[in-house]
Enquirer: 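Can you read through this structure? Questions will come right after.
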Amino acid sequence: MAEADEEAEGGKLCSLPSSSSSSCTNSSSSSLTLFDIVWEDVLYVKLFPLLSLKDLFNLRCCSKLSKTFVDHGLRRLRDINLSGNNSPSVELAFGVLTENCCNVQVINLARCNWLQDSILYPFLQNNRRLTKINLSECLNITSRALQPVIIACKQLTTLKLSHCHWLTIGAMEALTLHHTNIQELDISYCSALNERCISVFLLNCRALRTLSLANIPAVTDNLLFTIAKHSKLIKHLNLVGCYMITDRGVGALSLCCKELESLMVRDCTQVTERSLALIRGRVFIDRPRLYQPDMNMVPNIGFPRLFLQV
């Protein structure tokens, strides 16, 4: 009897009209939202990487739940690019990033005029896994803002500080003391630096692959000799506007830096084809050949005897 009652009840359920079953399905599905999907395994893995920072902040404004979702997701953010963004609200947005981000590895804040020590310092303190930092043309900060980078960011490989006139000799010496694995350094137009602090950095940082020293008055042939001796693996070298260097320094580079791929010597008035001819063909040079050299004549650069013995 019990089995018969169950079969009868099952028959009643199966005999319900299709319209009733579809309405039940619609009512249950209408209560579901995006945030009912598993956050950790689905939304943060599949959806979050597809959204730009602008998209994330727009989503953050929709509701309290969406704000919670975005704020928790920012902890997963690895790459932040605000280069050249000087919109009125970007400073507030960066405050949100500072509060929530703790695993950023790449940060690009080049040409951000709103950036100050009080804004940048907390962010750098909270993100100690940074490997690439670009602060080029950030004119309203000081060398104090670099303290967390120098002390805590031990995985740093790329540092771009072009046009940062606030970069002092002391900050450069501190960077040299704590970092020996930097592969790319851009200190173009940092006129406060002298030849000695740059030479000491090169002496301790043998992993350097890309170096930009454009328009630094302190760059001379002696510094090029240091690069030739201690940075033999360098691939890209920017010496644009270094008016003190001559054929002797460039000749030293051609002799020792066999991995060199590009050399920028525009506006270096004392560098001529005598030295550039030694590396043309295997190295990209930003200056065209001015004449066809005599291939039977070996240019006499006149290296110092001490340099040739090393």
Side-chain angles (χ1 to χ4, degrees), residues 78-79 103-110 124 127-136 143 145-164 167-190 193-216 218-240 242 245 249-265 279 282-286 307 310:
R78 298 290 186 270
D79 191 336
N103 292 299
V104 177
Q105 296 178 359
V106 180
I107 181 73
N108 186 350
L109 298 173
L124 297 177
N127 294 272
R128 302 192 173 192
R129 298 180 182 179
L130 285 165
T131 61
K132 298 181 179 180
I133 302 175
N134 188 348
L135 298 175
S136 296
S143 57
L146 287 181
Q147 184 178 350
V149 175
I150 295 173
I151 301 299
C153 298
K154 299 301 183 181
Q155 302 176 33
L156 188 66
T157 60
T158 299
L159 183 60
K160 297 184 179 182
L161 301 173
S162 176
H163 289 84
C164 293
L167 182 63
T168 62
I169 294 174
M172 194 68 187
E173 291 175 345
L175 183 69
T176 302
L177 182 63
H178 291 274
H179 292 274
T180 58
N181 296 318
I182 293 180
Q183 299 179 13
E184 182 176 356
L185 179 68
D186 185 354
I187 50 175
S188 302
Y189 293 89
C190 295
L193 302 179
N194 60 23
E195 184 178 282
R196 179 184 176 279
C197 74
I198 301 175
S199 297
V200 173
F201 174 84
L202 295 172
L203 182 63
N204 289 275
C205 193
R206 306 297 181 93
L208 205 62
R209 298 293 187 275
T210 302
L211 177 63
S212 181
L213 303 172
N215 290 279
I216 298 181
V219 177
T220 66
D221 284 343
N222 290 332
L223 189 57
L224 298 192
F225 293 153
T226 302
I227 295 174
K229 292 178 185 179
H230 304 297
S231 302
K232 297 181 184 295
L233 299 179
I234 197 163
K235 292 185 176 181
H236 307 284
L237 183 59
N238 185 351
L239 301 172
V240 170
C242 297
I245 64 174
V250 175
L253 297 175
S254 66
L255 182 65
C256 299
C257 299
K258 301 301 183 181
E259 302 294 325
L260 194 64
E261 296 179 4
S262 65
L263 177 65
M264 307 299 177
V265 288
I279 54 176
R282 69 179 178 90
V283 176
F284 170 80
I285 303 174
D286 62 343
F307 175 79
V310 175

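We use all heavy atoms of the structure for the numbers below, so side chains are in, but hydrogens, waters and symmetry mates are not.
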Enquirer: Can you list everything that forms a side-chain hydrogen bond (donor to acceptor under 3.5 Å, both in side chains) with Thr220? Sequence neighbours excluded, please.
Expert: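 Only Glu195 meet the side-chain hydrogen bond (donor to acceptor under 3.5 Å, both in side chains) criterion with Thr220.
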Enquirer: Between CD of Glu261 and CD of Glu259, what distance do you get to the nearest 0.5 Å?
Expert: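 So the CD of Glu261 and the CD of Glu259 are separated by 8.0 Å.
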Enquirer: Drop me the distance from Ile234's CD1 to Cys256's SG, to the nearest 0.5 angstrom.
Expert: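 Ile234 atom CD1 to Cys256 atom SG measures 12.5 Å (nearest 0.5 Å).
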Enquirer: Could I get the full list of salt bridge (charged side-chain N to carboxylate O under 4.0 Å, His left out) partners for Glu173, not counting sequence neighbours?
Expert: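 In terms of salt bridge (charged side-chain N to carboxylate O under 4.0 Å, His left out), with neighbours along the sequence ignored, Glu173 is linked to Arg196.
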Enquirer: Do you know which two heavy atoms are closest between Phe225 and Gly249, and how far apart they sit?
Expert: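 It is CE2-CA, 4.0 Å.
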Enquirer: Can you see which heavy atom on Ile279 is nearest to which on Ser254, and at what distance?
Expert: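 Smallest interatomic distance, heavy atoms only, reads CG2-CB, 3.1 Å.
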Enquirer: Would you please test Gln183 and Leu208 for side chain to side chain contact (heavy atoms under 4.5 Å, CB included) and show each step?
Expert: CA-CA 4 Å; Gln183 299 179 13; Leu208 205 62; 5.8 Å; no
Enquirer: Where do Cys164 and Cys190 come nearest, in terms of heavy atoms and distance?
Expert: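 Smallest heavy-atom distance, with atoms named: O-SG, 3.5 Å.
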Enquirer: Using side chain to side chain contact (heavy atoms under 4.5 Å, CB included), reason through Leu124 and Leu130 one step at a time and then give a plain yes or no.
Expert: CA-CA 8 Å; Leu124 297 177; Leu130 285 165; 3.7 Å; yes
Enquirer: Where do Ile169 and Cys197 come nearest, in terms of heavy atoms and distance?
Expert: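 Minimum heavy-atom contact is CG2-CB, 3.9 Å.
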Enquirer: Decide yes or no for Leu213 and Asn238: does some side-chain heavy atom of the first lie under 4.5 Å from some side-chain heavy atom of the second?
Expert: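 Of all side-chain heavy-atom pairs linking Asn238 with Leu213, none is under 4.5 Å.
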Enquirer: Return yes if some donor-acceptor pair links the side-chain N/O of Arg209 with the main-chain N/O of Ala207 below 3.5 Å, else return no.
Expert: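 At least one qualifying donor-acceptor pair exists.
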Enquirer: Holding to salt bridge (charged side-chain N to carboxylate O under 4.0 Å, His left out), I want the full list of residues that pass it with Lys132, two or more places apart in sequence or in another chain.
Expert: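 Checked Lys132 against salt bridge (charged side-chain N to carboxylate O under 4.0 Å, His left out); zero matches.
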Enquirer: Under the side-chain hydrogen bond (donor to acceptor under 3.5 Å, both in side chains) rule, collect the residues that match up with Ser136, sequence neighbours excluded.
Expert: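 So Ser136 forms a side-chain hydrogen bond (donor to acceptor under 3.5 Å, both in side chains) with Asn134.
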Enquirer: When Arg78 is tested against each of Val106, Val104, Asn103, Ile107 for side chain to side chain contact (heavy atoms under 4.5 Å, CB included), which residue passes?
Expert: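 Passing option: Asn103.
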Enquirer: Measure the CG-CD distance between Leu156 and Gln105 for me, rounded to the nearest 0.5 Å.
Expert: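 One gets 12.0 Å once the value is rounded to the nearest 0.5 Å.
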Enquirer: Considering only NZ, NE, NH1 and NH2 on the basic side and carboxylate oxygens on the acidic side, decide whether Glu184 and Lys160 come within less than 4.0 Å.
Expert: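 Yes, charged N to carboxylate O under 4.0 Å.
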Enquirer: How would you list, by chain and number, every residue that makes a salt bridge (charged side-chain N to carboxylate O under 4.0 Å, His left out) with Asp286, sequence neighbours excluded?
Expert: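 By the salt bridge (charged side-chain N to carboxylate O under 4.0 Å, His left out) rule, Asp286 matches Arg266.
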Enquirer: State, yes or no, whether a side-chain contact exists between His179 and Phe201 at a heavy-atom distance under 4.5 Å.
Expert: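 They are not in side-chain contact.
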Enquirer: So, taking the atom named CG in Asp186 and the one named CG in Leu211, what distance separates them when rounded to the nearest 0.5 Å?
Expert: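 Between atom CG of Asp186 and atom CG of Leu211 there are 8.5 Å.
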Enquirer: Let me confirm one number: the NE2-CG distance from His230 to Leu203, rounded to the nearest 0.5 Å.
Expert: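 Going from the NE2 atom of His230 to the CG atom of Leu203 covers 5.0 Å.
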Enquirer: Would you please test Ile133 and Asn108 for side chain to side chain contact (heavy atoms under 4.5 Å, CB included) and show each step?
Expert: CA-CA 6 Å; Ile133 302 175; Asn108 186 350; over 6 Å; no
Enquirer: Please find the pair of heavy atoms, one from Ile182 and one from Cys205, that lie closest to each other, and give the distance.
Expert: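 Smallest interatomic distance, heavy atoms only, reads O-SG, 3.1 Å.
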Enquirer: Is there a donor-acceptor contact under 3.5 Å from the side chain of Thr226 to the main chain of Asn222?
Expert: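 Checked: pair present.
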Enquirer: Give me the atom names and distance for the closest heavy-atom approach of Leu161 to Leu135.
Expert: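 The answer is CD2-CB, 3.9 Å.
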Enquirer: Tell me yes or no: between the side chains of Ser188 and Ser212, is some donor less than 3.5 Å from an acceptor?
Expert: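 On atom types as modelled, these side chains qualify, holding a pair under 3.5 Å.
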Enquirer: What's the separation between atom SG in Cys153 and atom CG in Leu175, rounded to the nearest 0.5 Å?
Expert: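 Between Cys153 SG and Leu175 CG, I get 11.0 Å after rounding to 0.5 Å.
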Enquirer: Please name all residues satisfying side-chain contact (heavy atoms from CB on, under 4.5 Å) with Asn215, sequence neighbours left out, ordered by chain then number.
Expert: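 Listed in chain order: Tyr189, Val240.
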Enquirer: Can you tell me if Asn204 uses its side chain to pair, donor with acceptor, with the backbone of Arg206 under 3.5 Å?
Expert: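 Answer holds: no.
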Enquirer: If you define the side chain from C-beta out and look only at heavy atoms, does anything of Leu239 sit under 4.5 Å from Ile245?
Expert: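 Answer yes - side chains close enough.
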Enquirer: Counting C-beta onward and ignoring hydrogens, is there a side-chain heavy-atom pair between Leu193 and Thr168 closer than 4.5 Å?
Expert: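 Counting from C-beta outward, Leu193 and Thr168 never come under 4.5 Å.
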Enquirer: For the pair Thr210 and Leu237, evaluate side chain to side chain contact (heavy atoms under 4.5 Å, CB included) and give the outcome as yes or no after the intermediate values.
Expert: CA-CA 6 Å; Thr210 302; Leu237 183 59; over 6 Å; no
